[in-house]
Structures are given as C-alpha cells and as structure tokens.
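A quick write-up on the structure given underneath.
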Amino acid sequence: MKTLFLILRVTTGMLAVGALGILLAAILLRSGGAFLKESVGLAGYVAKLFTSGFTEGTRPKEPAGWIVAAPQAGLALLFVAMLVSVFLPGTRWLLHLTAAVAAMAVIWYVRMVLTEVRLEILCVPLLVALFIYYAVCLFWNGNQPVPPVLGT
C-alpha cells in the first residue's frame, strides 16, 4: 500500500509541476505580443538616438510589463502549495489550507467555463488529483513519509 501512496504522491507532484508550466505558457502567450512590440519600439528608439548623435529621439511609452491576472497568481501559489504538500503529507493544516484554496479555484474554474474559456482550464485535472491525494492523506494511516535511505 505504501507503493500506491508513493505513486499518488509522485503523480500529484508531477501534475503540479506540469500545471505550473501550463500557467507559465499561458502568461507568456498573453504577454509575448505586448513584450515583443515594446522591445521593437525600444530598439528603434535606441537606434535613432545613436544614429542622430544623441540629439533626437522620442522616448517610448512606459512598458506595460507582464500581463498577469490575480487568479493566475493565486493559481501559481496554489500549485506551489500543492507541490510542498506532496513532500509533507502528514502536515494537516497545510493539506486543509491547500484544499480550501483548491475549492476556491474550482469556483473560479466554474465561473470561467460559464463566461469565457481560457488556457488555465487545462489545469483542472490537477485539482482532481489533489482532492484524491487530500482524501488519502486524511483517511489513510499509512501515509508516513518514505525515509531517504531505503531499509532504515
């Protein structure tokens, strides 16, 4: 049974890392166009400034920066908390806190499905795996951490 719990822990951890990657890709896709446009404008400004002998050139607008919504930042924190909870399965308060934040994420996902679908919807399977992991950690007594050296 410890092997099944270890497989569940590894699967949940891998899904958390994958979800962080998906979230990063969504942020890069959304912000990439604006970042590229600002970079080209800045390169044009620097080229004009150097070719004119530092006499002309209009300063570009303030950069907009990365476009990150508050729910995306919350999801990133949730995925990191999930990854930490994989390494600390006996810490009940962390498991409860992570599950509560995951429940809020489920509510956000339902609202998102009803209004507009975004790339973050690809992270939903992680929440299912988290709730299974949460239930196993709460109700199964054999969820002790595996020692770093086998046989000790």
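Side chains included, hydrogens not; waters and symmetry mates left out as well; all remaining heavy atoms used. Owing to the predicted nature of the structure, the values given are computational and were not obtained by experimental measurement.
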Side chains of [X] and [Y]: closer than 4.5 Å at any heavy-atom pair?
X	Y	value
L127	L78	yes
Y109	L75	yes
T3	I7	yes

Kindly give the heavy-atom pair with the smallest separation between [X] and [Y], and that separation in Å.
X	Y	result
A129	L15	CB-CD1, 3.5 Å
A99	F131	O-CE2, 3.9 Å
L130	A102	CD2-CB, 3.4 Å
G13	L83	O-CD1, 3.6 Å
T12	L126	O-CD1, 3.9 Å
A81	T98	CB-OG1, 3.9 Å

*asked:* Hydrophobic clusters here meaning ILVMFWY residues chained together by side-chain heavy-atom distances under 4.5 Å, can you tell me if I27 and L77 are in one?
replied: no
_Y133 side-chain N/O to S85 backbone N/O, donor-acceptor pair under 3.5 Å_ = yes
*Enter the distance from C137:SG to H96:NE2 here, rounded to the nearest 0.5 Å.*
10.5 Å
_Full working for side-chain contact (heavy atoms from CB on, under 4.5 Å) between L20 and L24_ = CA-CA 6 Å; L20 277 171; L24 178 66; over 6 Å; no
